[in-house]
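Taking it in order: structure first as structure tokens, then the write-up.
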Amino acid sequence: MEEYPAKQVTENLDDPPNSRLFVVTSRSITEDELRESFSVFGDIQGVWVVKDKQTKESKGISYVKFAKSSQACLAMEEMHGKVLMEATKPIKVFIAQSRSSTRHRDVEDEELTRIFVMIPKTFSEEDLKNTFKEYGDIEYCVIIKNKFTGESKGLGYVRYYKPSQAALAIENCDKTYRAILAEPRSKAATTEEYSGGGARGDYTGGAESMNLYTFPMGDPGSYQGMDHRSGDFTRCLMMSTRAALTQEQIFALFDLIPGMEYCELQRDAYGMSKGHAMIRYGNLGSAVYAKEKLNGFEYPPGNRLVVNYVDDGEDRSSPVSRMAMQFVATQMISSVWNGPSTSQVMKPPGFSAVSSVSRIQTDVNLPPPKKLAPPDSKAKERLFVVFSPSPLPPDVLEDVFCRFGSLIEVHLVPGRKVGYMKYADKQCADEAMAALHGHVVNGVKMKVMLADPPREESHKRPRTY
DNA sequence: CGACGGGACGC
DNA sequence: CGACGGGACGC
């Protein structure tokens with residue numbers, strides 16, 4: 001990166017985060033060749049080939065700095081495993097450790113594919129998915145909820161399949177979501193030594209001795225993102241991995257679930273793993289079970305496997321097969337919640353279907369519910385609502401206040417008996433106020449007024465008088 | 001009466 | 001296995 005003043009270079013290496021690549025190549029690969037092959041992915045700010053001090057020969061290590069993390073991630077995804085020149089080995093590409101970091105582990109996809117966002121409390125996981133799917137395919141969404149009341153805490157996780165997708169979301173989503181990369185869930189985990197080295201072959205043995213019931217899948221949170229639609233279950237699975245796994249390892253892993261018919265690692269023209277394997281089971285139950293047990297499983301530890309259903313071309317539309325799949329799904333969910341020993345206890349199919357019984361009692365003649373305005377809409381008017389004797393739950397308030405149209409968000413002030421209703425349209429807000437002020441909902445009397453303008457950004461110096 | 005911004009997952 | 005240069009300069 002000699003074309004930049006040195007001070008600027010060292011200061012920019014980690015800015016923005018995860019915008020620099022660590023590239024392992026044959027020693028014959030030059031800076032020009034790297035620049036040439038990586039420049040299609042974005043704005044390269046510098047290329048540095050590490051060379052031996054004395055001999056000036058390349059050590060087979062290079063750094064490529066991009067302007068954006070999404071560009072670096074895309075380049076990593078596309079170039080990892082590629083052969084740059086005839087008769088040289090395929091290159092390895094990783095996001096470089098930040099210069100200040102002392103750690104020596106590769107940066108895993110696990111750390112680059114999940115984002116942490118702040119969202120309106122009214123957001124469902126479906127809303128979250130719909131908001132963030134424009135940046136790439138989402139593996140799952142989870143909203144953090146109060147365990148007792150089920151109320152959203154206004155925080156969520158979105159897991160993408162690829163680092164570039166998460167990076168695009170962070171770079172481009174509305175600032176109000178405050179999207180950042182999520183810290184990996186296991187903080188001090190992965191302590192045991194996997195120095196990554198020659199121990200790869202041992203993991204097959206490890207897998208065989210593993211107890212399926214003790215897989216680290218026990219947190220119900222990860223199931224909230226599971227897709228329960230019956231149409232998504234198939235006998236065919238696709239597994240993605242970024243660590244190099246052998247055909248034998250993958251076979252052994254998926255063969256732990258009885259009924260595997262077929263398992264093949266996909267390879268590119270050089271015989272290098274493309275990081276995908278196709279697995280098929282002889283029956284749907286086995287496939288569902290394998291997916292739930294192995295998706296997210298770390299094998300080897302630190303390398304998170306992604307397992308998904310792929311369309312196997314079977315007709316899943318008949319009522320009989322739909323019901324069969326619903327049955328399997330319900331059984332799965334039940335066994336997850338209750339543990340394997342009680343998996344016989346099942347809820348009837350369709351149990352979790354929405355029961356939209358009206359839960360509103362009021363002295364107002366309410367119009368029917370209307371759709372919410374997009375969460376990123378600009379608020380044209382806010383209502384200030386005072387509740388007596390106690391505040392109404394947010395879902396009830398949303399149901400009531402949305403009926404005049406353009407409602408963006410319900411905000412209750414924690415610990416107080418007041419709240420704010422954000423509207424994208426002034427007239428809708430005024431209608432809501434006119435209709436609801438002084439009225440009673442579920443025994444709670446409401447004052448509905450125009451809100452004072454929001455407090456200014458509090459980053460100013462405190463007043464000194 | 002009654003006023004408004006922050007951040008973490010049942011490991 | 002495969003991890004960090006050379007050269008610079010505004011309180």
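Every chain is numbered from 1, with letters handed out A, B, ... down the list of sequences. These figures come from a predicted structure and were not determined experimentally.
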Is there a donor N/O on one and an acceptor N/O on the other, under 3.5 Å, for the side chain of A/K92 and the base of C/dG2?
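Indeed, a donor on one side and an acceptor on the other fall under 3.5 Å apart.
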Any residue in residues 384-393 of chain A with a heavy atom nearer than 4.0 angstrom to DNA chain B? Just list them by number, or reply none.
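Residues of residues 384-393 of chain A that come under 4.0 Å of DNA chain B are, in numerical order, A/F384, A/V386.
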Output the residues of residues 168-180 of chain A in contact with DNA chain B, where contact means a heavy atom of the residue under 4.0 Å from an atom of the strand; sort by number or write none.
A/R178, A/I180
Judged by atom type as modelled, is there a donor-acceptor pair below 3.5 Å linking the side chain of A/E125 to the main-chain atoms of A/I143?
yes
Side-chain donor-acceptor pairs under 3.5 Å in residues 68-75 of chain A, sequence neighbours left out?
residue	atom	partner	partner atom	Å
A/S69	OG	A/N18	O	3.1
A/S70	OG	A/E171	OE1	2.7
A/S70	OG	A/E171	OE2	3.3
A/Q71	OE1	A/D43	N	3.3
A/Q71	OE1	A/A67	N	3.4
A/Q71	OE1	A/K68	N	3.2
A/Q71	NE2	A/D43	OD2	3.4

Sequence neighbours excluded, which residues qualify as side chain to side chain donor-acceptor pair (under 3.5 Å) partners of [X]?
{"X": "A/S101", "result": "A/Q97"}
{"X": "A/D174", "result": "A/T176"}
{"X": "A/H439", "result": "A/D363"}
{"X": "A/S406", "result": "none"}

Those residues at least two apart in sequence (or on a different chain) that pass ring-ring contact (aromatic ring centres under 6.0 Å, His included) with A/F38 are none
With A/Y135, which residues qualify under ring-ring contact (aromatic ring centres under 6.0 Å, His included), at least two apart?
none
If anything within 90° of 0 is syn and all else is anti, what is B/dC9?
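In terms of base orientation relative to the sugar, B/dC9 is anti.
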